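In what follows, a single structure is set out as structure tokens and then discussed.
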Amino acid sequence: MLQVSYIRDNREQVLQGLAVKNFKQPELVEEVVELDEKRRQTQNQVDNVSAQANAAAKQIGELMRSGKKEEAEAVKANTGKWKEEIKQLNEQLAAIEEDLSSKIVLLPNLPHASVPKGITPEENEVVLENGNKPELPANALPHWELAAKYNLIDFELGVKITGAGFPVYKGKGAKLQRALISFFLDEAEKAGYSEVMLPLMVNEASGFGTGQLPDKEGQMYFVGQDNLYLIPTAEVPITNLYRDVILKGDELPVKNCGYTPCFRREAGSYGAHVRGLNRLHQFDKVEIVQVVHPDESYNVLEQMSTHVQSLLQKLGLPYRVLRLCGGDMSFASALTYDMETWSAAQQRWLEVSSVSNFETFQSNRLKLRFRNAEGKTQLAHTLNGSALALPRIVATLLENNQTETGIKIPEALVPYTRFDMID
RNA sequence: GGAGAGGUGUCUGAGUGGUCGAAAGAGCACGCCUGGAAAGUGUGUAUACGCCAAAAGUGUAUCGAGGGUUCGAAUCCCUCCCUCUCCGCCA
């Protein structure tokens with residue numbers, strides 16, 4: 001959520017930023033500014049009348065104590081009028097505030113200056129490409145066929161017990177999942193992140209804090225009986241750990257990592273591109289999250305990007321890094337890097353990570369602040385990234401490492417899998 | 001699921017109608033003391049939104065949330081939420 005005070009003082013920059021993000025309702029900015037003006041006026045009126053009423057109440061108290069009952073009664077005469085006035089003004093104020101907040105939550109975060117203009121994914125900027133795309137023989141198989149051939153993943157069984165998009169991992173397929181999770185967590189810990197294990201369901205306030213609610217309600221599974229949402233990413237519970245928190249200056253940066261399954265309804269996305277592991281309703285992911293000083297957040301974003309890349313390098317996967325264009329970025333992000341691995345059998349890039357700086361967009365909703373050098377509270381910057389999401393990593397590993405005799409496990413993973421070949 | 005207790009500041013905890021943004025203690029910060037530290041001691045120590053060019057100052061709101069009674073509510077009444085304890089069930 002953008003800060004009203006920032007919008008008020010930087011209207012032009014806000015409009016320019018929204019244009020880069022291809023935001024369709026720039027008129028909201030003006031409406032927000034006007035509502036804010038109205039809000040402050042009304043607040044002022046309430047404050048003034050309340051001050052009078054408070055003073056009178058105090059006076060009555062003093063008069064009563066000193067036994068001047070008639071004088072007290074005289075002062076009381078006015079209070080009814082004020083009371084009514086306060087009530088009405090408060091109702092107005094509440095209506096204005098509701099209007100204001102319903103509009104301000106519709107405004108997406110503003111893009112960083114380096115974000116390219118653009119609307120479609122094709123307009124994302126390729127920052128770098130790394131690793132060699134393997135040349136597979138003509139009879140190479142896509143991962144869903146490999147998974148069946150080596151009995152690693154059973155999609156039909158998943159359909160039976162739950163539905164499409166909920167695969168069952170078996171044997172070495174299951175072990176590979178476990179190995180990747182441990183590998184990613186260990187690497188994150190080496191990079192200074194402390195591990196947390198989290199609830200997989202969150203309440204409404206948490207969903208709001210990280211920006212899933214109210215706008216993306218339909219993307220989360222909802223447990224109506226208890227009013228809880230299944231997490232679409234560990235970002236939600238990890239970042240909400242710091243909701244309503246004021247950190248001491250020396251507590252920054254906060255670095256957390258966590259493994260969780262993720263649940264996404266992915267309503268309306270079916271077709272060839274979602275075959276196999278390409279898009280699931282439930283998948284596993286290790287997430288890294290940082291809460292940092294605003295001056296540091298862009299350095300930290302680069303560090304996080306480097307960390308994710310190091311994982312891909314250790315796994316020997318060819319990848320590229322994209323700087324997302326304004327139109328393809330998420331609602332809450334100021335700058336996002338996507339990491340994609342080359343899926344050799346499908347001959348396409350698969351997104352395996354997304355690393356974002358949210359600046360104060362989340363912290364403003366979360367009321368996540370720190371005490372700055374002047375001793376004042378200030379909104380912190382939040383960042384997160386997948387490090388990494390498993391299914392597409394598995395897809396790429398299977399496809400890229402397939403040989404005549406089986407699938408080779410990357411050296412870095414062998415200590416975790418304790419086998420070096422799937423055959 | 002049944003019965004009971006309770007939600008106050010960073011924490012413990014007092015406060016049952018006015019002088020309460022809230023005692024006291026702990027913690028924390030800064031200073032004094034000390035060769036240094038501990039102890040001792042002094043001072044300070046919520047947040048948000050306004051007013052003010054800004055600091056100082058000042059207004060308003062906030063004692064789980066919302067509503068009500070009252071000139072005045074942390075305190076009384078109603079509704080909701082949450083936590084804890086015991087019992088039951090259970091990994």
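Every value quoted in this text rests on a predicted model; they were computed, and no experiment measured them. These values consider heavy atoms only, across backbone and side chains, with no hydrogens, waters or symmetry-generated copies.
Rounded to whole Å, the distance from CD on A:Gln45 to C1' on B:C49 is 15 Å. If you measure from atom CD of A:Gln3 to atom P of B:A48, you get 11 Å, rounded to the nearest angstrom. Rounded to an integer number of Å, the gap from CG of A:Leu35 to C1' of B:C49 is 16 Å. Taking atom CZ of residue A:Arg39 and atom P of nucleotide B:U60, one finds them 17 Å apart after rounding to whole Å. To the nearest angstrom, P of B:G9 lies 13 Å from CG of A:Asp244. Per the geometry, CG belonging to A:Asn48 stands 12 Å off P belonging to B:C52, to the nearest Å. Regarding A:Trp82, its CH2 atom lies at a distance of 16 Å from the P atom of B:G59, rounded to whole Å. Note: CG (A:Asn227) to P (B:C80) measures 16 Å, nearest angstrom.
Nucleotides B:C84 and B:G36 are separated by 49 Å at their P atoms, to the nearest Å. The C1' atoms of B:G17 and B:C71 are separated by 12 Å, rounded to the nearest whole Å. When the C1' atom is used for both B:U62 and B:A73, the distance is 13 Å, rounded to whole Å. On the C1' atoms, B:U41 is 38 Å away from B:U60, given to the nearest whole Å. Nucleotides B:U43 and B:A24 have their P atoms positioned 12 Å apart, rounded to a whole Å. Spacing between B:C49 and B:A37 at atom C1', rounded to whole Å, works out to 45 Å. Nucleotides B:U75 and B:U69 have their C1' atoms positioned 13 Å apart, rounded to a whole Å. The C1' atoms of B:G44 and B:G67 are separated by 39 Å, rounded to the nearest whole Å.
A:Gln362 and A:Thr382 share a donor-acceptor pair across their side chains, judged by distance under 3.5 Å alone. Side-chain atoms of A:Gln346 and A:Glu399 form a donor-acceptor pair, as typed in the model, at a separation below 3.5 Å.
Residues A:Phe184 and A:Leu388 meet the side-chain proximity criterion, which asks for heavy atoms closer than 4.5 Å.
The side chain of A:Arg369 lies closest to B:U47, out of B:C51, B:U60, B:U47.
Sorted by first and then second residue, the salt bridge (Lys or Arg N to Asp or Glu O under 4.0 Å) pairs with a member in residues 194-214 of chain A form an empty list; sequence neighbours excluded. Residue pairs meeting the salt bridge (Lys or Arg N to Asp or Glu O under 4.0 Å) criterion with at least one member in residues 12-39 of chain A, sequence neighbours excluded: A:Arg8-A:Asp36, A:Arg11-A:Glu30, A:Glu31-A:Lys103, A:Asp36-A:Arg39, A:Asp36-A:Arg40, A:Glu37-A:Arg40. Sorted by first and then second residue, the salt bridge (Lys or Arg N to Asp or Glu O under 4.0 Å) pairs with a member in residues 162-171 of chain A read A:Asp154-A:Lys170; sequence neighbours excluded. Residue pairs meeting the salt bridge (Lys or Arg N to Asp or Glu O under 4.0 Å) criterion with at least one partner in residues 282-292 of chain A, sequence neighbours excluded, are A:Lys285-A:Glu287.
In this model, the phosphate group of B:G72 is not approached by any side-chain N or O of A:Thr79 to a distance below 4.0 Å at OP1 or OP2. Using a 4.0 Å cut-off, no side-chain N or O of A:Arg40 falls inside it from OP1 or OP2 of B:A48. Between A:Arg371 and B:U45 there is no side-chain N or O to OP1 or OP2 distance below 4.0 Å.
In this structure, A:Lys83 reaches the bases: a heavy-atom distance under 4.0 Å links it to at least one base atom across the strands shown. Looking at heavy-atom distances under 4.0 Å, A:Lys81 makes no contact with the nucleic acid at all.
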Let me have the donor-acceptor pairs involving side chains of residues 413-423 of chain A, under 3.5 Å, with sequence neighbours excluded, atom names and distances please.
unit_1, atom_1, unit_2, atom_2, d
A:Tyr416, OH, A:Asp186, OD2, 2.6
A:Thr417, OG1, A:Leu413, O, 3.4
A:Thr417, OG1, A:Val414, O, 3.4
A:Thr417, OG1, A:Phe419, N, 3.3
A:Thr417, OG1, A:Phe419, O, 2.7

Please list, one pair per line, the donor and acceptor atoms closer than 3.5 Å that link side chains of residues 47-56 of chain A to other protein atoms, with sequence neighbours excluded.
unit_1, atom_1, unit_2, atom_2, d
A:Asp47, OD1, A:Gln43, NE2, 3.0
A:Asn48, ND2, A:Asn44, O, 3.3
A:Ser50, OG, A:Val46, O, 2.7
A:Gln52, OE1, A:Trp82, NE1, 3.2
A:Asn54, ND2, A:Ser50, O, 3.4

Expected rows: protein N/O vs nucleotides 61-66 of chain B N/O, under 3.5 Å:
unit_1, atom_1, unit_2, atom_2, d
B:A61, OP2, A:Asn54, ND2, 3.4

Tabulate protein N/O versus nucleotide N/O from nucleotides 15-23 of chain B, keeping only pairs under 3.5 Å, one per line.
unit_1, atom_1, unit_2, atom_2, d
B:G18, N2, A:Ala57, O, 2.8

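For A:Phe23, there are no ring-ring contact (aromatic ring centres under 6.0 Å, His included) partners two or more places apart in sequence or in a different chain. Among residues two or more places apart in sequence or in another chain, the ring-ring contact (aromatic ring centres under 6.0 Å, His included) test is passed with A:Phe155 by none. Scored by the ring-ring contact (aromatic ring centres under 6.0 Å, His included) test, A:Phe208 finds no partners at all (sequence neighbours excluded).
Counting only distance, with no hydrogens or angles, the side chain of A:Ser363 and the backbone of A:Ala380 share a donor-acceptor pair below 3.5 Å.
Heavy-atom distances to RNA chain B give each of A:Val46 and A:Arg8 a nearest nucleotide, and the one nearer the 5′ end belongs to A:Arg8. For the pair A:Asp36 and A:Gln52, both in contact range of RNA chain B, the more 5′-proximal nearest nucleotide belongs to A:Asp36.
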Can you run through RNA chain B from 5' to 3' and write each base as (, ), [, ], | or . depending on how it pairs? Watson-Crick or G-U wobble, both distances under 3.5 Å.
-> ((((((((.[[[..)..(.....]]]((((((.......))))))((((((.....)))))).[[[[[..)....]]]]])))))))....
